[in-house]
Structures are given as structure tokens and as C-alpha cells.
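Note that these values count all heavy atoms, side chains included, but never hydrogens, waters or copies made by symmetry.
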Amino acid sequence: MPDFLRRTTLARLLSQGLTVAVMCSALAAASSHAQEQPATEAPPAPPAPVYNSELDAPLFYQLLIGEMELRSGEPGNAFQVLLDAARRTGDEALFRRVVGIALQARAGDQALMAARAWRQIAPESTEALQTTVQLLLGLNRISDLSEPLGALIRLTPPDQRAGAIAALPRLLQRLPESKRVLSAVEPVLQPYLLQPDTAIAAHVSLARLTLAAGDTPAALALLKTASAREPGAEGPALVALEMLGSEPDAEALVQAHLKAKPGSDFVRLAYGRGLARAQRHGDAIRELIAVTRSSPGLLSAWMSLGALQLDLRHPAEAEAALNAYLTHADAAIKDDKDGKSNPEAGPEARQQAYLLLAQAAEQKGDLKAAEAWLAKVGDTKELLQVQYRRASVLARQGKLEQGRKLLQSLPEQNDDDIKAKLTAEAQLLRDAKQWQAAYDVLGTANKRFENDSNLLYEQSMLAEKLNRMDEMERLLRKVIELKPDYHHAYNALGYSLAERNTRLDEAKRLIQKALELAPNEPFLLDSLGWVEYRMGQKDEALRLLQQAYKSRPDTEIAAHLGEVLWVTGKQEEAKRVWREGAGRDRTNEVLKETLARLRVSL
């Protein structure tokens, strides 16, 4: 109900839910009662001050008709009547009511018309502007955004303006046409690029929108300007992190920020995670360790470090990081004086730590410890992951069939659940070197889910284990046909050809294509180094394999790097690399075959 109505007796009756008949009776009774009062000889009281209501008879009638139309299921008529009343009175609460009626009727264009009328009556109203902008966003009216958005930023108090500008990319992220969004917003932000209080926020927001529009060089230029203006600003560094894998110059902005603010641990943590995603695992571990030393109470840093160490098959280091996480999580809960729970120390995060610790114990061969960690996991969303770890422990105890039945018994709610179960069962069999059984499981899956690229790829890897190279190639080419950007398929086929020392030119082209799709991925660099070695290009092979091993010190990469070092006369260095690889995984088949073929004893 409009604010001015609340100042009248009529409004109070309306707010109490009285009908029109009751209101009329009440008014009549009040008038009759006043006339029936007997005269007294007491001197008359001074007249009460008169307050003239803005509600005249025509307006009252108009509001009444509008509300009655709405209650009668005629929102269109109600909208027209009440919008006219809002324009006559200029009352913002009435405009708010009219917009609400249009939205309730799912009439977006009418709601926008009312909001624009509201702005005409009250051009300085922040609420009217916010409503207009929200409606334009909802209606995807990108070309109309500039003016109201600019006005809204101008009306924002100066001390809040930078925050409003920084929030723009998130506000606009769901709009589908990013280039049109950039065209609409860029002129709005231009005036704020030079103002001291808003320059950083404006550059960063414009960079985010430019990056979303696909213009990476222009986005990077904006970030460089902002970083030069204020090297310690977090905004440019955080956006640069999103470009880490695709734009080499972006990393310099992150490093400049960390140099200016060495204690910026949240940025350093994000940097470490970005390096891990870019497959630069050695650099990632360095940054994550730095964060844990600087801010040991930052629980997510310990968890990220533990997961990365585990992925690199460093179970002891992973175990240390994850146990540190649990210790600091206990301390965080104990120090939780305001009673607010810390999600990073909560049950879900702890269960993830238990799962990772179980995997670390399994890598170490301590199956009893693995079972103990799994026993700590209660109800969890990651049921398949928990049961797979349990099945893996059973398989390593010689109870493979029991482990398979455990996975097979998992519930299925949709096709994705079924695919995940079949893939997990095939992986369990693969770990147990039951190649044919694993191949058969995936063969059944591919009959059920025809043309699933992931399932076909997994089956191709098992065809290789069974020495069915023609079948492997057929499956991989099918994957490439179904999913041309699936870099694993190009790499697997190219590496297979290189490993058999055949069609090496084709092998190189396939692996180079994979690297175009996933630049600097260590296993792809390893494959390219290996094919260069097969082609007799030992210096180039050594460069590529050293780059791959530095990024990801994997046992299989160590086997290849060690062989190239060995044949180029660097035999002591080769043995050192092989020993490092064996320390991570002495059972690795590629390493064992390499040492046996070269007749090397470590």
C-alpha cells in the first residue's frame, strides 16, 4: 500500500482487511456518532491541527478500482489504472507496486515501462534506476543498458562507487552476448579510468569484460596499466591468474603483485592452484608450501598441497600436509568463539581429507591404515569415490571379485551414475592388470552408451594393453571424429606410433595437434620428446623431456628422460633421474622395461 495512504483512517481500515461495505459503515457510524453527541456547557476544546491528506476522492476511487481489478484476476487492467495513479502522484511506493504487478503477471515489457515512468518522475531515485537495470538485464536489452547503468554509478556515493564498478562483471556475466555487453559498458566506465578512487576497479572490470569478449591482448593491456598504477592491487593479479594457461605475460602481473605484497596469501594460494592447473607442479608446490608457512591456519592451502602431492605420487608428503590440515582444522573449531562454523573445517572438508589420506596410505602399501581412514568417512556425496577406494583395498588384498561386487551394488539414478560405475569397475580391473576383463566391461558400456568419447577412449587404452593395435587405432580415430578437441586421443595415437617406431612423421603431427589443444601439458611434452628421440633428434628430445620432468616429475617421464641422458653420455645424471622415478613408483612398467633393455642396475 502506498506510503501516503497509511496516513489516513481509510488506510488503517484497509490494512486491517476490512471490506468496502464495512469501511462505508464505519465512516457512516463515525459521522452519526459525532452528530448524536449532546451539547455541553464546557468551553470548546481548541481545534486540532488540520492535516490535509493527499488522497482525494478521485484518487481513492482509482486506487480502489485498481486493487479490485487485481483481485478479480485482471492484472492488465489493474496495471494501467495504478500506473496512471502513480504518474499522477509521483509516489515511489505506488510505482514499486505497479512494477510488482507486472512482474507477477510475467509482463516484463510492462514492468520496464513502469520503471521508466518511475525514473521520469524521480530521476534521482536509486531504487528506480536499480529496478530499471535489473529489468533490462532480465529482458536481455543490452543496447539499452548504458544510460541507466551510467546514471546508477553516478548516483552511487563516492565511497561506494569503486565497489559498485568492481561488481559489474558479476552482474553482467549471465548475459549471452559478451561483445555487445562490452560495447554497452565500455563508455560507461571510460570516465572512471582516470579518477584516482575508481581507476583500479574500472580497469579490472573492463579487463574482465574484455576477456569475456575474447580479446585477451586488450584485457592484458588494461591489467598492465592497472598494475603499473598500483603494483600491490589484488584485482589485476586475480584476473591475470585466469589467463595463466593461455597468456605467458599474465604471470608477470601476478609476480609483481606478490613482490609488492609478499604476504598476499590468498593471491599466492590462487597462484599455486593456477600453476597446478597449468601442469607446472613443481612451481605449484613451491607456492603452496610458501602459503602454509606464512599462514598455517589457511586450511585450503594444506588441502590443496596434500592433493597435489598425492597426484604426484608423493604419499609421505601428501600425508604430512593432510595431517597438518586436520590439526589446524581442530584448532579452528576450538577457537570458534562466535559459534560460526568454518566450512573449511567442516564435515565435508574433513571427509575429503580422510579420503585423500586413505589414498596416500594405499600408495604406501599400508592397507590397514587405508581401511582405518575410510572407516572415518560417514555419509558423503562422494559415495562412488569412497566405495572405489574400499574396492581397491579389497583388490590389493586378493579380494578382487568382492571389490567388483561392491561397485556393482552402488545405486543408479541416471545414465551418468551408470557410466561412472562401469568406468570405476574397469579401472579396478586395470589396476589389477586384468586387461581382458576391463576391456569387456568397457565393451559392454560402449554398446549401452554408443558414441561416448570417454568410454571409447578408455577401451582404446585397454586394446593397447591387449596388443590389439589396429583396434586401438580404430577406437581413437572414432574418438577424434566424435570430439575433435579431445587432446588425449591425439596424444595416445601419436605416442603409440612413436613407441612402435613407425609412421613417426604422423606421430609427431598428432602430438603437436594435442599440444595446440593443451599447451605445455607435461605428458604431451613427454610424448613429443619421445617421438623426437625416435626420429634421432636427441638434443630437442632432451630439451622437451627436461621441460616435462621439471613441470611434473612423473616416473614414466623419468624413464624417458633417463634413457635420452644415458645415450647422450650423461649416465650419472640418468641414474639420478631413474632413482627419483623409482622412489615414486618402483613398479612402473615403463621404467622397469627401460632399465632391463639398457641393462642398468640402480
Contacts of Glu74 that satisfy salt bridge (charged side-chain N to carboxylate O under 4.0 Å, His left out) - sequence neighbours left out: none
For residues 80-90, pull every pair meeting salt bridge (charged side-chain N to carboxylate O under 4.0 Å, His left out), keeping only residues two or more places apart or in separate chains. none
With sequence neighbours excluded, residues passing ring-ring contact (aromatic ring centres under 6.0 Å, His included) with Tyr457: Tyr486
Minimum heavy-atom separation for Leu356 to Ala307, with atom names? CD1-CB, 4.2 Å
Heavy-atom neighbours of Gln104 CD exceed 12 at 6.0 Å: no
Would you indicate whether Gln195, at its atom CD, is surrounded by more than 12 heavy atoms from other residues, nucleotides or ligands within a distance under 6.0 Å? yes
Contacts of Glu516 meeting salt bridge (charged side-chain N to carboxylate O under 4.0 Å, His left out) (sequence neighbours excluded), chain-then-number -> none
Restricting to salt bridge (charged side-chain N to carboxylate O under 4.0 Å, His left out), what partner residues turn up for Glu251, sequence neighbours left out? Arg280
Does anything in residues 113-128 form a salt bridge (charged side-chain N to carboxylate O under 4.0 Å, His left out)? List the pairs, not counting sequence neighbours. Arg96-Glu127, Arg116-Asp144, Arg119-Glu147
Can you tell me which residue pairs pass the side chain to side chain donor-acceptor pair (under 3.5 Å) test with a partner in residues 163-184, sequence neighbours excluded? Glu177-Arg180
Got a list of side-chain donor-acceptor pairs under 3.5 Å for residues 155-164, not counting sequence neighbours?
from: Thr156; atom 1: OG1; to: Leu152; atom 2: O; distance (Å): 2.8
from: Arg161; atom 1: NE; to: Ile153; atom 2: O; distance (Å): 3.1
from: Arg161; atom 1: NE; to: Thr156; atom 2: O; distance (Å): 3.4
from: Arg161; atom 1: NH2; to: Arg154; atom 2: O; distance (Å): 3.2
from: Arg161; atom 1: NH2; to: Thr156; atom 2: O; distance (Å): 2.9

For residues 221-238, which residue pairs pass the salt bridge (charged side-chain N to carboxylate O under 4.0 Å, His left out) check, not counting sequence neighbours? Lys224-Asp249
Mind listing the side-chain donor-acceptor pairs of residues 197-204 below 3.5 Å, one per line with the distance, residues two or more places apart or on another chain?
from: Thr198; atom 1: OG1; to: Tyr192; atom 2: O; distance (Å): 2.9
from: His203; atom 1: ND1; to: Ala199; atom 2: O; distance (Å): 2.8

Looking at side-chain heavy atoms only, is the closest gap between Arg208 and Leu238 below 4.5 Å? yes
With sequence neighbours left out, what residues match Gln134 under side chain to side chain contact (heavy atoms under 4.5 Å, CB included)? none
All ring-ring contact (aromatic ring centres under 6.0 Å, His included) counterparts of His487, not counting sequence neighbours: none
